[in-house]
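I have a structure I would like to understand better, so I am pasting it below and will then ask my questions one at a time.
In what follows, chains carry the letters A, B, and so on, assigned in the order in which the sequence lines appear, proteins first and then strands, with residues in each chain numbered from 1. Just so you know, these numbers come straight off a predicted model, no measurement behind them.
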There are 4 protein chains.
Amino acid sequence: MASSRTRRIFQAAIDVFSEYGFEKATMDEIAARAGVAKGTVYYHFKSKEDLFVFLVEEGTKLLHEQVLARIPADAKAEQRLRVVIRELLAFFRANRDFCIIILREAWGEEGRQREFRRMLVHFVHAIREIIDAGVASGELMVEAPDTVSWSIFGAVSNTALHYLFMDKEYDLLSLSPQLERSLIHGFVSPAL
Amino acid sequence: MASSRTRRIFQAAIDVFSEYGFEKATMDEIAARAGVAKGTVYYHFKSKEDLFVFLVEEGTKLLHEQVLARIPADAKAEQRLRVVIRELLAFFRANRDFCIIILREAWGEEGRQREFRRMLVHFVHAIREIIDAGVASGELMVEAPDTVSWSIFGAVSNTALHYLFMDKEYDLLSLSPQLERSLIHGFVSPAL
Amino acid sequence: MASSRTRRIFQAAIDVFSEYGFEKATMDEIAARAGVAKGTVYYHFKSKEDLFVFLVEEGTKLLHEQVLARIPADAKAEQRLRVVIRELLAFFRANRDFCIIILREAWGEEGRQREFRRMLVHFVHAIREIIDAGVASGELMVEAPDTVSWSIFGAVSNTALHYLFMDKEYDLLSLSPQLERSLIHGFVSPAL
Amino acid sequence: MASSRTRRIFQAAIDVFSEYGFEKATMDEIAARAGVAKGTVYYHFKSKEDLFVFLVEEGTKLLHEQVLARIPADAKAEQRLRVVIRELLAFFRANRDFCIIILREAWGEEGRQREFRRMLVHFVHAIREIIDAGVASGELMVEAPDTVSWSIFGAVSNTALHYLFMDKEYDLLSLSPQLERSLIHGFVSPAL
DNA sequence: CATGAATGAGGCTTCATTCAT
DNA sequence: CATGAATGAAGCCTCATTCAT
């Protein structure tokens, strides 16, 4: 990702993939939005698939930097989970197009789709470790940590996706308190 | 959906769409799996898009019959939410391919994608009504019923999807107790 | 052309052919407009081409009855030419769709196109005979009777076509005096 | 129409269209005759229709250059009409295929057909202006200049078409004196 | 490094025709 | 006689990829 030419093409690709999906996106459109000739795209990326693979790698890196790396190592489990939820929403807001791509292209048996799932699995695994630690310390009570980890991820990502498609500019961060509360504490009235 | 021929083609379409996604699925493959000539597919459905539209309609009907219609009208909110979760999982198990299609093709701006979202919105709205009733009766305590409804749906569907892609035959119903518990009551140890 | 069924289909064919042209017309549309099943069309006419051949035959007959047969055998050449022009315009008015088909499909090397040209040649030959007779009697002075015959036919038919496409209901007969005069006498001011 | 490749394809298109007509012509055949791959045709012209539109534009230009621009501005009306007839025949001879296409595809309601008619209307209008001028100067005596203009055009074009289909190599220019004379002066014997 | 013309495999769709009922 | 479901050849068009400049 050295040259700025490469980056311009890459950004155009994210743009186009998120708008059309992998199959319907065309290399012509990507080249046009990047403002380069089609041959140039092929000079920097060997194929359409390759462009997509790059996306996964880049995304994994970003997810690390912008979400996982920000989880406080020494806080309590609940607090760490709250941070995950909040930062994941922030990540969605900051990388809208990219997130749409991932969540749309993760379910299937094509090579790139497995790649995307691997990335999600990796992320969910991080959630799981927080939960495991919380359980070990007696702070949390979770029978099926794997299921719970996926359901947290699913709840946050699907909800975010829904609001983004309702309104491109929706401030996802405002959902954070509600999601944190309902996911961690549930919503049955304590009184009952 | 009268003739059995029509149904055969429709089933083949679900099959192929779930395996390849809308864009990559080919009418040739659908015809081959249905065991008819390509022209026959077009005799029964006027286009690829049309086949997809049928899918939405059929799916909406199934979702109604197999999930929404089974929610007990007079039970308590918590109980009704548990049923929704359980039946949704059962629905995923019974209509694996169809569900994969929906969740994959729901996010985008194409006509069929909006159609799918409309269907999801409809379903989530049903969850929301249960929550509203529970809040009205004091049984539940929910600040943001919309967000919570989407997060329930997202949690269940994403988790189901994940397990299905890990193992086609995974018994999704076994996830039900865990999801019911963690979603409704949260998972912070009561002790703390 | 016995049964009324056959006639209904034939009329529908003229309708559709004149609207779409031979190639773009479909047997489905013809069947639909005739109010019969597609198989029925094939029961009465062996193929699309066959339907077209019928058209030529039928048209030739009509042209005979409605134009050629009305030329007074014993009148002077000029008078007979005037009748030809007038009756040809009347024929266009009465068989609008059919005439459009003929003039559109006459120029090409396909079998049916040669057939149509044969029909035109036959008609133009009738004009030529009038001219020849007029020349023989000293009434007319024509160096190239063949060329003149075609140019009369071309002038009348093209002009008619133009007005019909400007206005479906245009009264073609009103063109008759003008065409008769200008074709037979020319239009250079006699004074000069 | 810059590159020679583009021109080769265009020529092949005229060739094929004139031989088969718009509907029956295939892009495969055009590509084959141009000696390029099918994709190449689409690289230069975005659709079959587009190729046809080009034809109209190109043809309109040629008609201007080769016919209309050659009409002497200061000659007498009769002389100018003679030139129109002569140059139109020359145009038919020089652009045989193109002319066949135009006259065959001008009558119908499709977009391209209206386009072709527009072109003819433009041309006939030029004839009409000559006639109008001749009438104004007292040189001609024409009651219905519009009808006469169309009939001149129809006479020349239909006659030319007929001879071309009889003999591809027929020397159309030899028809000019006959057509000029019979159209302008009529053919009733002056003696009578 | 960059270009963009050229390619051809492959996809969607149409439609004349057949044939079992 | 009549039907309409079924067929498959054939047409239009797209687009990832290559390559000579």
**Item:** CD1 on B:I100 to CH2 on A:W107, rounded to 0.5 Å
**Value:**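 Here the rounded value is 9.5 Å.
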
**Message:** Using whole Å, what does the distance between atom P of nucleotide F:dC12 and atom CD1 of D:I9 come to?
**Reply:**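 Answer to the nearest Å: 15 Å.
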
**Request:** Check ring-ring contact (aromatic ring centres under 6.0 Å, His included) between B:F98 and all other residues, then give those that pass, not counting sequence neighbours.
**Result:**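 None.
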
**Request:** Could I get the full list of salt bridge (charged side-chain N to carboxylate O under 4.0 Å, His left out) partners for B:K61, not counting sequence neighbours?
**Result:**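 By the salt bridge (charged side-chain N to carboxylate O under 4.0 Å, His left out) rule, B:K61 matches B:E58.
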
**Asked** When the distance from CZ of B:F45 to P of E:dC12 is rounded to whole Å, what number comes out?
**Response**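 Interatomic distance, CZ of B:F45 to P of E:dC12: 15 Å.
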
**Prompt:** What residues, two or more places apart in sequence or in another chain, satisfy salt bridge (charged side-chain N to carboxylate O under 4.0 Å, His left out) together with A:R8?
**Reply:**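 For A:R8 there are no salt bridge (charged side-chain N to carboxylate O under 4.0 Å, His left out) partners, ignoring immediate neighbours.
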
**Request:** Could you name each residue pair satisfying side chain to side chain donor-acceptor pair (under 3.5 Å) that touches residues 40-57 of chain A, not counting sequence neighbours?
**Result:**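 Qualifying pairs: A:T6-A:H44.
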
**Prompt:** What integer distance in Å separates A:E29:CD from F:dT14:P?
**Reply:**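 Rounding to the nearest Å, CD of A:E29 and P of F:dT14 are 14 Å apart.
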
**Partner residues of D:V56 under the side-chain contact (heavy atoms from CB on, under 4.5 Å) criterion, sequence neighbours left out** =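 In terms of side-chain contact (heavy atoms from CB on, under 4.5 Å), with neighbours along the sequence ignored, D:V56 is linked to D:T60, D:E115, D:F116, D:M119.
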
**Request:** Sticking with atom C1', work out how far F:dT21 lies from E:dC1, rounded to a whole angstrom.
**Result:**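 Per the computed distance, 13 Å lies between those C1' atoms.
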
**Request:** Give the dot-bracket string for DNA chain E, reading 5' to 3', where a pair is Watson-Crick or G-U wobble with both distances under 3.5 Å, ( ) marks pairs inside the strand, [ ] marks pairs crossing earlier ones, | marks a partner on another strand, and . marks unpaired.
**Result:** .||||||||||||||||||||

**Phosphate OP1/OP2 of E:dC1: any A:H44 side-chain N/O under 4.0 Å** =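 No, outside the criterion.
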
**Request:** At under 4.0 Å between heavy atoms, which parts of nucleotides 15-21 of chain E does protein reach? Answer with one letter per nucleotide, 5' to 3': B base, S sugar-phosphate only, - none.
**Result:** SBBB---

**Item:** Residues that C:F17 engages under ring-ring contact (aromatic ring centres under 6.0 Å, His included), provided they are two or more places apart
**Value:**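 If we apply the ring-ring contact (aromatic ring centres under 6.0 Å, His included) test to C:F17, skipping adjacent residues, the hits are C:F22, C:F52.
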
**Asked** Of A:G35 and D:T40, whose closest DNA chain E nucleotide lies nearer the 5' terminus?
**Response**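 By nearest-heavy-atom nucleotide position, the 5'-most residue is A:G35.
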
**Asked** Which residue pairs pass the side chain to side chain donor-acceptor pair (under 3.5 Å) test when at least one of the two sits in residues 14-33 of chain A, sequence neighbours left out?
**Response**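 Passing the test, one end in residues 14-33 of chain A: A:D15-A:R33, A:S18-A:D97, A:E19-A:R33, A:K24-B:E110, A:D28-A:K38, A:E29-A:R33.
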
**Message:** Is B:R5 close enough to F:dG4 that one of its side-chain N or O atoms is under 4.0 Å from OP1 or OP2 there?
**Reply:**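 No, outside the criterion.
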
